[in-house]
Amino acid sequence: MEEVYIAYFDFLGFKKFIFNNEDSHISKRMGHIFRDIEMCLGQRNFQEPKNGIMLSDLSKIKINCLNISDTVIYWTNDCEDESLQELIKVSYEFNWMEIKHNFPLRGSLVKGKLKRVQGSQTNTQGGSYAVDCLFGSGIVNAHLKTENQN
């Protein structure tokens, strides 16, 4: 496991939002959240538009991200000062964008151990198995610090 910096965010009011809105509205708002995650990672740098669509330029980022329902986790690849500075920029922008345009957040920034395991399989019957798992003391500490905020 690597020691890294982790920024952990939880949306507040997300469950009520899911239960009180139509699928089409939920999908539209989730698209906004995905766009915001990407825009923050790209730090407002964009690729040349393709078919009239602007996409963030993620070619130079050193930050990782995993979004699971109402939780967004950003983390670095190491504990270098430059990595921490990039994580703070991404986290700051994500925090204010979501509070202004989507949902209130609570979050934390920690240093700790983290490992990621990824993979997927699909069989000929259409069954699938996918794993995208973060584990380690760093992610547990980030979750606990975030959950303890009221």
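Note that the structure is a prediction, hence the values are computed from the model and not measured.
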Heavy-atom side-chain contact between [X] and [Y] under 4.5 Å:
X: D10; Y: L105; result: no
X: W75; Y: I63; result: no
X: F94; Y: M39; result: no
X: Y5; Y: V110; result: no
X: I61; Y: E86; result: yes

Just by distance, do the side chain of [X] and the backbone of [Y] share a donor-acceptor pair under 3.5 Å?
X: N20; Y: K16; answer: yes
X: T122; Y: S128; answer: no
X: N21; Y: I26; answer: no
X: D81; Y: Q85; answer: no
X: S83; Y: C79; answer: no

Find the distance between [atom1] ([X]) and [atom2] ([Y]) and round it off to the nearest 0.5 Å.
X: F103; Y: E98; atom1: CZ; atom2: CD; result: 9.0 Å
X: K111; Y: T76; atom1: NZ; atom2: OG1; result: 9.5 Å
X: D78; Y: L84; atom1: CG; atom2: CG; result: 10.0 Å
X: N64; Y: Y74; atom1: CG; atom2: OH; result: 11.5 Å
X: S137; Y: L114; atom1: OG; atom2: CG; result: 9.0 Å
X: K62; Y: L87; atom1: NZ; atom2: CG; result: 13.0 Å

Please check if atom CD in Q118 has more than 12 non-hydrogen atoms from other residues, nucleotides or ligands closer than 6.0 Å.
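Above 12, so yes.
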
For atom CZ of F135, decide whether the heavy atoms of other residues, nucleotides or ligands shown that lie under 6.0 angstrom number more than 12.
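Count over threshold, so yes.
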
Measure the acute angle between the ring planes of F14 and F11, then classify it against the limits of 30° and 60° as parallel, tilted or perpendicular.
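Ring orientation, 0 to 90° scale: parallel.
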
Which class fits the ring pair H101 and W96: parallel under 30°, tilted 30 to 60°, perpendicular over 60°?
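The arrangement is tilted - the two ring planes meet at 30° to 60°.
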
How close do L41 and C65 get, counting heavy atoms only, and between which atoms?
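Smallest heavy-atom distance, with atoms named: CD1-CB, 3.8 Å.
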
Are [X] and [Y] grouped together when hydrophobic residues (ILVMFWY) are joined by side-chain heavy atoms under 4.5 angstrom apart?
X: L12; Y: F19; answer: no
X: V90; Y: I37; answer: yes
X: V4; Y: V140; answer: yes
X: L66; Y: V131; answer: no

Tell me every residue that passes side chain to side chain donor-acceptor pair (under 3.5 Å) with E2, counting only those two or more places apart in sequence or in another chain.
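Result, side chain to side chain donor-acceptor pair (under 3.5 Å) vs E2: none returned.
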
Under the side chain to side chain donor-acceptor pair (under 3.5 Å) test, which residues partner T146, sequence neighbours left out?
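Checked T146 against side chain to side chain donor-acceptor pair (under 3.5 Å); matches are S108.
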
Please name the residue in the list I73, N141, L109 that meets the side chain to side chain contact (heavy atoms under 4.5 Å, CB included) test with Y8.
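That would be I73; it is the only one of I73, N141, L109 passing the side chain to side chain contact (heavy atoms under 4.5 Å, CB included) with Y8.
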
Run the side-chain contact (heavy atoms from CB on, under 4.5 Å) test on T71 and F9 for me, step by step, so that the C-alpha distance in whole Å, both residues' side-chain angles and the decisive distance to 0.1 Å come before the verdict.
CA-CA 6 Å; T71 302; F9 295 97; over 6 Å; no

Can you list every pair that meets salt bridge (charged side-chain N to carboxylate O under 4.0 Å, His left out) and has a residue in residues 131-150, with sequence neighbours left out?
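Those involving residues 131-150 are R106-E147, R116-D132.
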
